[in-house]
Amino acid sequence: MSSTDSTVQVTDDQMRRYAKMIYEVAGIEISPAKKQLLSNRIRRRLKESGIADFEQYYNFLKKLPISHVEWDGFLQEVTTHETYLFRDDSNWKWLRETFLPELQKTDKNSLRVWSAACSTGDEAYSIATCVADGLRNPSSWRVQILGTDIGIGAVQDANDAKFNERSMRLVPDDLKRRYFTQLGGAAIWEPKAKLRAMTKFRQHNLLDRLAESPFDLVFLKNVLIYFNADSKKCVMQNVEQVMKPGSYLVAGAAEGIGDLMGGFERIHPWLYLRK
Ligand SMILES: C[S@@+](CC[C@H](N)C(=O)[O-])C[C@H]1O[C@@H](n2cnc3c(N)ncnc32)[C@H](O)[C@@H]1O
């Protein structure tokens, strides 16, 4: 039977090799229990690439540089991209009611934020909305919000910045009206120029150091849940290295990084202050 037949799964040995390869490239751990799911996801790539079976596709990927478009297609299949604007109310309440007011009591006039593993940019535009709305005199500030993701397709979508009603459902009405434009009466929304001016996106793998000057605030959410202890540790070292002393990390509450936060003070289960 052929690998393109939906009842055929990767063998246990193939499962081990695919899982090892995914882990080495992206840090993501795929459990053996996900055999059917992984087989289905690879099958989609077989169709796209015209490659006959799981074994040939494995050998094909193994020889390709990670920058190759097929690697991106494969990673898009095996990673979760679920995201939406204003996800996790407590984060935005803190940003608007505590972080931004406190920031404006200092003599700073610049703000650098990193939305790490940003998927299609929803988190970065949520940050931009809060910042645009929360700074008393926005034009006197230099604001830079960088969104990064391993997925080239995700980064392209973030740059395109078109959000449907589902992605926009938690954006407060007044902010939606003031900072987004509805496209031609369609159920698609686009951030206004002032949000776009603050945001930029690029591809980056969290297992690699980010070559950027340090940030005042980092969002790292709903990604390390798929990593194991070693890859989490590697990511946290990379993240800590680009955070200013006194900066904040907004993490997913289930990220499982509690043991790796020696350099931070825990403010909430999802909020850390870099010492
Ligand atoms: C579930 S989304 C999270 C999006 C957003 N942070 C949120 O919480 O709504 C997870 C994202 O992590 C990205 N990702 C997975 N492994 C990564 C890695 N090693 N480096 C960078 N991004 C990665 C995926 O491509 C995906 O877009």
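In listed order, ligands and their atoms are each counted from 1. None of these values were measured; they are calculated from a predicted model. Side chains are part of it too, since the values below use all heavy atoms of this structure and drop only hydrogens, waters and symmetry mates.
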Please tell me whether Y57 and Q14 have a donor and an acceptor in their side chains that are separated by less than 3.5 angstrom.
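The criterion, which ignores hydrogens and geometry beyond distance, is not satisfied for Q14 and Y57.
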side-chain contact (heavy atoms from CB on, under 4.5 Å) involving E77 - partner list, sequence neighbours excluded:
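Per chain and number, E77 pairs via side-chain contact (heavy atoms from CB on, under 4.5 Å) with R41, R44, R45.
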If I take atom CG from residue L183 and atom OG1 from residue T181, how far apart are they, to the nearest 0.5 angstrom?
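Output value for this atom pair is 7.5 Å.
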What does the 4.0 Å heavy-atom contact list look like for ligand 1?
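Near ligand 1, by chain and number: A26, I28, T79, T80, H81, E82, T83, R87, A117, S119, E123, D149, I150, H204, N205, L206, K221, N222, V223, F227.
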With sequence neighbours left out, write down each residue that passes ring-ring contact (aromatic ring centres under 6.0 Å, His included) with W189, or none if nothing qualifies.
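None.
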Judged by modelled atom types alone, do T83 and H81 share a side-chain donor-acceptor pair under 3.5 Å?
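Their side chains do not contain a donor-acceptor pair, so the 3.5 Å distance test is not met.
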Could you tell me which residues satisfy salt bridge (charged side-chain N to carboxylate O under 4.0 Å, His left out) with R169, sequence neighbours excluded, listed by chain and number?
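R169: no salt bridge (charged side-chain N to carboxylate O under 4.0 Å, His left out) contacts found.
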